[in-house]
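Below, chain A is the first sequence line, B the second, and so on; all start at residue 1.
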There are 2 protein chains.
Amino acid sequence: MEADPREVFVSFLRREGLHVTRARLAVLQGLAQLPKHFEAAELWGALRPRVSAATVYRTLELLERAGLVRKVEFGEAHAHYERVFGREDHGHLVCRRCGRVGEFAVGAARRAVEQAAQALGFALGEVVIQGYGLCPQCRAQEEPRV
Amino acid sequence: MEADPREVFVSFLRREGLHVTRARLAVLQGLAQLPKHFEAAELWGALRPRVSAATVYRTLELLERAGLVRKVEFGEAHAHYERVFGREDHGHLVCRRCGRVGEFAVGAARRAVEQAAQALGFALGEVVIQGYGLCPQCRAQEEPRV
DNA sequence: CTCCATGCAAATCTTTTGCAATCCT
DNA sequence: AGGATTGCAAAAGATTTGCATGGAG
């Protein structure tokens with residue numbers, strides 16, 4: 001089922017009584033042309049027709065609510081975003097040196113969190129699982145021989 | 001072994017050829033009087049003798065390198081920090097409404113991440129596992145009856 | 001004595017907001 | 001028409017940095 005992102009977004013907007021505007025669609029389309037992970041500034045710079053930064057942020061929030069985008073923190077000063085057109089369930093391995101991001105499945109890990117949430121009485125929503133370290137490339141460069 | 005935090009910090013500073021100053025010790029001591037999780041501003045406000053905000057940030061970075069503090073992101077605009085005097089291994093459950101934070105052990109979950117890191121060739125360092133949702137209190141308030 | 005560290009204030013940077021003009025429905 | 005949305009520029013916050021003065025080794 002999980003239809004075309006545009007469908008999803010438009011439905012979302014209608015449902016919320018919001019307008020389907022050119023700026024909003026431009027942002028949505030911009031997403032498709034960027035790597036899966038991106039920063040607000042990158043998206044802003046890639047848009048055509050141009051959309052103001054303010055609107056980009058405003059729209060990112062809507063896309064998040066619509067379930068098409070996820071905000072992720074990689075330990076840097078600014079936020080990163082992740083396209084979520086296909087609702088996978090995965091964690092991130094972030095390279096501390098070059099920022100490269102790898103993904104992996106989190107089946108077991110997620111279950112552990114769900115269990116903990118239940119024990120503490122939390123109604124669990126999103127789960128974030130991230131590992132920080134050195135990617136293979138930077139690792140090789142780092143230890144030329146130890 | 002894992003001695004007194006002050007010992008750890010002083011050793012760290014010596015090892016790095018840095019000075020053991022009054023401001024640095026004040027920050028370290030301030031940590032002990034705050035809840036386990038705190039924000040830079042809270043720490044800054046609690047210090048006596050007074051230490052400038054700039055120095056608080058500079059010192060937090062040193063404490064992080066010394067392994068006494070961990071920077072954590074709870075999805076808010078500003079960073080949060082966590083005291084790590086006893087190197088536990090845990091994840092966080094963050095309430096989206098009130099910000100309350102619960103902790104839980106992450107044995108199995110961590111192993112899953114280690115396994116993924118190995119598969120991808122990452123040299124794994126820190127692992128962050130966080131769940132977002134509603135704490136019991138906010139949950140009760142949220143669904144007065146659905 | 002020589003650097004390192006601190007404070008202060010200014011500078012950065014990202015994200016948010018007020019408001020008048022403009023666009024959907 | 002009528003409320004929602006946009007762009008612009010200013011505001012807001014958190015964190016960082018330059019630089020002269022004071023402090024640790």
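Considering A:R83, A:H92, A:R70 as possible partners of A:H37, the one that fulfils the side-chain contact (heavy atoms from CB on, under 4.5 Å) test is A:H92.
Residues B:C95 and B:C135 share a closest heavy-atom pair of SG-N, 3.4 Å. Closest approach of A:A40 to A:L60, counting heavy atoms only: CB-CD1, 4.3 Å. Between A:I129 and A:A109, the shortest heavy-atom distance links the atoms CD1-CB, 3.4 Å. Annotation for B:L31 and B:L63: closest pair CD1-CD1, 4.0 Å, computed over non-hydrogen atoms.
Counting only residues at least two apart or on different chains, the salt bridge (Lys or Arg N to Asp or Glu O under 4.0 Å) pairs with a member in residues 11-24 of chain B are B:E16-B:R65. Screening residues 105-125 of chain B for salt bridge (Lys or Arg N to Asp or Glu O under 4.0 Å), with sequence neighbours left out, gives B:D89-B:R110, B:R110-B:E114.
As judged by a 4.0 angstrom heavy-atom cut-off over every strand, A:A79 is placed among residues touching the sugar-phosphate backbone only. Within the nucleic acid shown, B:A41 has no heavy atom closer than 4.0 Å to any nucleic acid atom. Counting any heavy atom pair closer than 4.0 Å across all strands shown, B:R14 reaches no nucleic acid atom. At a threshold of 4.0 angstrom between heavy atoms, the contacts of B:H19 include nucleobase atoms, whether or not backbone atoms are also involved.
Looking at A:E73 and A:H78, their side chains never come closer than 4.5 Å, going by heavy atoms from C-beta outward. Looking at A:V128 and A:V72, their side chains never come closer than 4.5 Å, going by heavy atoms from C-beta outward. Annotation: side chain of B:K36 is in contact with side chain of B:E103 (closest heavy-atom distance under 4.5 Å).
Sequence order on DNA chain D of the closest nucleotides to B:A40 and A:T59 puts A:T59 first from the 5' end. Of the two residues near DNA chain D, A:A53 and B:H80, the one whose nearest nucleotide lies more 5' is A:A53.
Residues from residues 20-31 of chain B with heavy atoms under 4.0 angstrom of DNA chain D, sorted by number: B:V20.
Judged purely by distance below 3.5 Å, without hydrogens or angles, the side chains of B:E42 and B:H80 never pair a donor atom with an acceptor atom.
Crowding of A:Q137 atom CD: a count of heavy atoms from other residues, nucleotides or ligands under 6.0 Å exceeding 12.
Chain B approaches DNA chain D within less than 4.0 angstrom (heavy atoms of the protein), and the contacting nucleotides run 5' to 3' from D:dA14 to D:dG25. The outermost nucleotides of DNA chain C lying under 4.0 Å from heavy atoms of chain B, listed 5' to 3', are C:dC4 to C:dC8.
If one axis is set at each end of the helix from C:dC1-D:dG25 to C:dT25-D:dA1 from five pairs, those axes are 40° apart, to 10°.
Salt bridge annotation for A:R96-B:E126: present, with a cationic side-chain nitrogen under 4.0 angstrom from a carboxylate oxygen.
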